[in-house]
Peer 1: 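Dumping the structure here so I can ask a few things about it.
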Amino acid sequence: MCGRFTLRTPTERWARQFALEELPLFAPRYNMAPTQRLPVVRLSANGTRACDELRWGFIPSWSAGEKHRAPLINARAESIAEKPSFRDAVHFRRCLIPADGFYEWEQDGRQRQPYFVSRRDDRPFAFAGLWESWRPPEGGPAIETFVIVTTEANALLSRFHDGRMPVMLQGDHGERWLFEESRHAEDLIPLLGAYPEEELTCVRVSARVNSVRHDDPSCLEAPLRTQTLFD
DNA sequence: CCAGACGTTGTT
DNA sequence: GTCTGG
DNA sequence: CCAGACGTTGTT
DNA sequence: GTCTGG
């Protein structure tokens, strides 16, 4: 699964990689968390790419309210085309989520030990995402939200509790995820596989990342206790 | 027909 | 234990 | 995802 | 909104 991630790369670098015409300006992020407004790349009305800030935690358009519900931060690639919450979005509201790493946790006694996963070359990449617009019943402006698609974990990630990992779109899959026509959207589901583990690295990091208050380079420091690096 | 769910994950 | 907030 | 609160009353 | 269960 994926419940926290990073986007440390300077904006101009990842904006170029995502072929954005307008240059957004975002501070480097080391601890992006559910409920926060985070940058998402999607198609605008005129068919070009746009980068907008959407809230992480998908609220279906028919939802009675945003409270009293577990946040939908991940969606299983295997079922998004059928699930009532997501299938419209698969056709009409796909998006890319710029990132350059993500965290996984292991229960270590009574501690929650975080690990950081990123590309060996440390370049940014795109998570596959879906977005939705929800209008509060009591009125007020619509809230736009997104969810990150997950898939079965590769060998590197399968050691973590649930055997899932976020979909990192490789090669031209990001372009296809963004631009494929609605009627061919279901052809994209087979592209949502695990990223090759040989291109990734996974290291133990400081438990400072556990708290969303910490959003700085200290999140990636090595933990104080005996450290095992495996990658 | 209406009421109620609609998601992800892991749990002994 | 369960829910909310970030 | 994890951290932190979780209640009422009345009040320093 | 749309599907399932009764």
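Residue numbering restarts at 1 for every chain, and letters A, B, ... go by the order of the sequence lines.
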Peer 1: By the 4.0 Å heavy-atom rule, please label A/R87 as base, sugar-phosphate, or nothing.
Peer 2: sugar-phosphate

Peer 1: Provide the distance between the two P atoms, one in B/dC6 and one in D/dA3, to the nearest whole Å.
Peer 2: 29 Å

Peer 1: Whole angstroms only, please: what is the CE-C1' distance between A/M165 and D/dC1?
Peer 2: 16 Å

Peer 1: Rounded to whole angstrom units, what separation is found between the CZ atom of A/F146 and the P atom of B/dT8?
Peer 2: 17 Å

Peer 1: Between C/dT4 and B/dA5, how many Å separate the two C1' atoms, rounded to a whole number?
Peer 2: 23 Å

Peer 1: Using the side-chain heavy atoms of A/P34, tell me which of these nucleotides is nearest: D/dA3, D/dC1, B/dT8.
Peer 2: D/dC1

Peer 1: What's the verdict on ring-ring contact (aromatic ring centres under 6.0 Å, His included) for A/F127 and A/W177, showing C-alpha distance, side-chain angles and the deciding distance?
Peer 2: CA-CA 10 Å; A/F127 289 134; A/W177 185 249; over 10 Å; no

Peer 1: Side-chain N or O of A/S61 versus OP1/OP2 of B/dC6: is the shortest distance under 4.0 Å?
Peer 2: no

Peer 1: Planes under 30° and centres closer than 5.5 Å, is that true for A/W62 with the base of B/dC6?
Peer 2: yes

Peer 1: Between B/dT9 atom P and A/I80 atom CD1, what is the distance in whole Å?
Peer 2: 12 Å

Peer 1: Counting heavy atoms from C-beta on, name the nucleotide in B/dT8, B/dC6, D/dC2 closest to the side chain of A/K83.
Peer 2: B/dT8

Peer 1: Taking side chain to side chain contact (heavy atoms under 4.5 Å, CB included) as the criterion, tell me which of A/V205, A/L7, A/V209, A/L220 meets it with A/Y30.
Peer 2: A/L220

Peer 1: Cation over ring, A/R42 on A/W131, under 6.0 Å and within 45°?
Peer 2: yes

Peer 1: Find out whether A/M32 and A/D215 are in side-chain contact, i.e. whether some heavy atom of one side chain is under 4.5 Å from a heavy atom of the other.
Peer 2: no

Peer 1: At less than 4.0 Å, is any side-chain N or O atom of A/R76 found next to OP1 or OP2 of B/dT8? Yes or no.
Peer 2: no

Peer 1: Check whether NZ of the Lys or CZ of the Arg A/R49 lies under 6.0 Å from the centre of the six-membered ring of A/F179 and within 45 degrees of that ring's axis.
Peer 2: no

Peer 1: Is A/R213 near enough to D/dG4 that one of its side-chain N or O atoms lies under 4.0 angstrom from OP1 or OP2?
Peer 2: yes

Peer 1: Using side-chain heavy atoms (C-beta onward) and a distance below 4.5 Å, is A/L72 in contact with A/P60?
Peer 2: yes

Peer 1: Please work out if A/T35 contacts a base, only the sugar-phosphate, or nothing of the nucleic acid, heavy-atom cut-off 4.0 Å.
Peer 2: base

Peer 1: Would you kindly give the CD-to-C1' distance between A/E78 and B/dT8, to the nearest whole Å?
Peer 2: 12 Å

Peer 1: Side-chain contact, heavy-atom cut-off 4.5 Å: A/V212 with A/R4?
Peer 2: yes

Peer 1: Quick check for you: name the first and last nucleotides of DNA chain E, 5' to 3', having an atom under 4.0 Å from a heavy atom of chain A.
Peer 2: E/dG1 to E/dC3

Peer 1: Could you note down all residue pairs passing salt bridge (Lys or Arg N to Asp or Glu O under 4.0 Å) where residues 184-200 of chain A supplies at least one of them, sequence neighbours left out?
Peer 2: none

Peer 1: Mind checking whether A/F116 and A/F102 have ring centres under 6.0 Å apart?
Peer 2: no

Peer 1: Considering only the P atoms, how many Å lie between D/dT11 and C/dG1, rounded to the nearest integer?
Peer 2: 37 Å

Peer 1: Starting at atom CZ of A/F160, determine the distance to atom P of B/dT8, rounded to an integer number of angstrom.
Peer 2: 22 Å

Peer 1: What's the CD-P distance between A/Q113 and D/dA3, to the nearest Å?
Peer 2: 12 Å

Peer 1: Step by step, work out the ring-ring contact (aromatic ring centres under 6.0 Å, His included) result for A/F125 and A/Y195.
Peer 2: CA-CA 11 Å; A/F125 52 82; A/Y195 204 78; 7.0 Å; no

Peer 1: Would you please classify the geometry between the A/W105 ring and the A/Y103 ring as parallel, tilted or perpendicular, with 30° and 60° separating the classes?
Peer 2: tilted

Peer 1: For the pair made of CZ in A/R112 and P in D/dC1, what is the distance, rounded to whole Å?
Peer 2: 8 Å

Peer 1: Under 4.0 angstrom, heavy atoms only, what part of the nucleic acid is A/F86 near: base, sugar-phosphate, or nothing?
Peer 2: sugar-phosphate

Peer 1: Could you spell out the base pairing of DNA chain D as a dot-bracket line? Use Watson-Crick and G-U wobble contacts where both distances are under 3.5 Å, [ ] for crossing pairs, | for partners on a different strand.
Peer 2: ||||||......

Peer 1: State which of D/dA3, D/dC1, B/dT8 makes the closest approach to the side chain of A/M1.
Peer 2: D/dC1

Peer 1: How far, in whole Å, is B/dT12 from D/dC2 if one measures between their P atoms?
Peer 2: 16 Å

Peer 1: Atom CD of A/Q36 and atom P of D/dC2: how far apart are they, to the nearest Å?
Peer 2: 15 Å

